[in-house]
2 protein chains.
Amino acid sequence: MSHSVTLTTLDDAGVAKRLCDYDILPTRQRVQIARVLLAGDQHLCADQVLGKVKAAGSGVSKATVYNTLGLFADKGILREVKVDPNRVFYDTNNSEHHHFYNIDSGELSDIDPGRILVDQLPEAPEGSVIDSVEVIIRVRQQSIPDV
Amino acid sequence: MSHSVTLTTLDDAGVAKRLCDYDILPTRQRVQIARVLLAGDQHLCADQVLGKVKAAGSGVSKATVYNTLGLFADKGILREVKVDPNRVFYDTNNSEHHHFYNIDSGELSDIDPGRILVDQLPEAPEGSVIDSVEVIIRVRQQSIPDV
DNA sequence: CTGGCAATTTAGACAAAGTCCAGATTGCTC
DNA sequence: GAGCAATCTGGACTTTGTCTAAATTGCCAG
Ligand SMILES: [Mn+2]
Ligand SMILES: [Mn+2]
Ligand SMILES: [Zn+2]
Ligand SMILES: [Zn+2]
């Protein structure tokens, strides 16, 4: 069993169990949000999650979506990715990995782990301790070269 | 002469010349903003720049501060650092380097170049091309260990 | 059961950061 | 000095997210 489950076919009971594993009380709203998220590896922002939950016919308020995403991130079932000053992405892949960010399309994608290596990590400034190391490779749409 | 000038004693004429070097027409407002910025190596957000300009007794509008910071970044005299979803930092050090970001204090600081090395850069996704590579080391205030 | 109670959810007000616009200013050039 | 393009400006507006106070829900003791 992998740590980052990506089954499309996760029923409410399965989702609830998974939430419990992360010490999250599985309310109706949390299960609905988790179902949308755990449908596969994704990088979604709060708005998109709200849209998908609503599209799925479930009624969940904006405040609850924000509360829940924050809770999920705290509990470690999701990872926040802060790469764009306008929105936080929630990453269903909670293992250590880095990202490409397409500044034209706004699309975030994983960098194949092992395809990058950060060496010689420096000491954190006096009085602080490292929390996370994040590599972001910003990419642009390739422009057509002149013929 | 280094590329990133950090003189505290840069007069209006000097600043204006520097703006011209970057192909920026030195208006009164742009010079005032540049004086605040080029006073030393700093990582400031728009609000802080606006505050400093106003504190210096110069009248510059919010819209002009935003326009000008964007222009300076486009022209390459400043670098935008996107590490916090709430604000963009403007870095007066426009050379390639990476950052520590203290998530408790909100302080951004440079990583000594050469103290970090990113290896085995992966290929950009099909149809895209690398724009920049950014390493962000998030740090926390060190908690006091139990006695 | 059933009232009590804490946790959760909700609508909508609010806030922070940034963008946009239409009119005013500025700085050339002729 | 008039004409003109670039720039600047106040303030309305947008986006993303937070906050609050009231309603709902889920549990549990009695
Ligand atoms: Mn969004
Ligand atoms: Mn913002
Ligand atoms: Zn990811
Ligand atoms: Zn820097």
Is [X] close enough to [N] that one of its side-chain N or O atoms is under 4.0 Å from OP1 or OP2 there?
X: A:Gln29; N: D:dT24; value: no
X: B:Arg87; N: C:dG18; value: no
X: B:Tyr66; N: C:dG18; value: yes
X: B:Thr64; N: D:dC8; value: no
X: A:Arg28; N: D:dT24; value: no
X: A:Thr27; N: C:dT9; value: yes

Q: Quick one: sort the B:His43 and B:His97 rings into parallel, tilted or perpendicular, breaks at 30° and 60°.
A: tilted
(Q) Looking at A:Asp23 and A:Lys75, is any side-chain nitrogen of the basic one under 4.0 Å from a carboxylate oxygen of the acidic one? (A) yes
(Q) Check A:Arg140 with A:Asp104, please: is the shortest side-chain N to carboxylate O separation under 4.0 Å? (A) no
Q: Would you kindly say whether A:Tyr22 and A:Asn94 are connected by a side-chain donor-acceptor distance under 3.5 Å?
A: yes
Q. A:Asn67 CG to D:dA21 P: how many Å, rounded?
A. 16 Å
Q) Please give, in whole Å, the distance from C:dA17 C1' to B:Leu69 CG? A) 13 Å
Q) Counting only distance, no hydrogens or angles, is the base of C:dG18 paired donor-acceptor with the side chain of B:Lys62 under 3.5 Å? A) yes
(Q) At 4.0 Å (heavy atoms only), tell me whether B:Gly70 reaches a base, stays on the sugar-phosphate, or touches nothing. (A) nothing
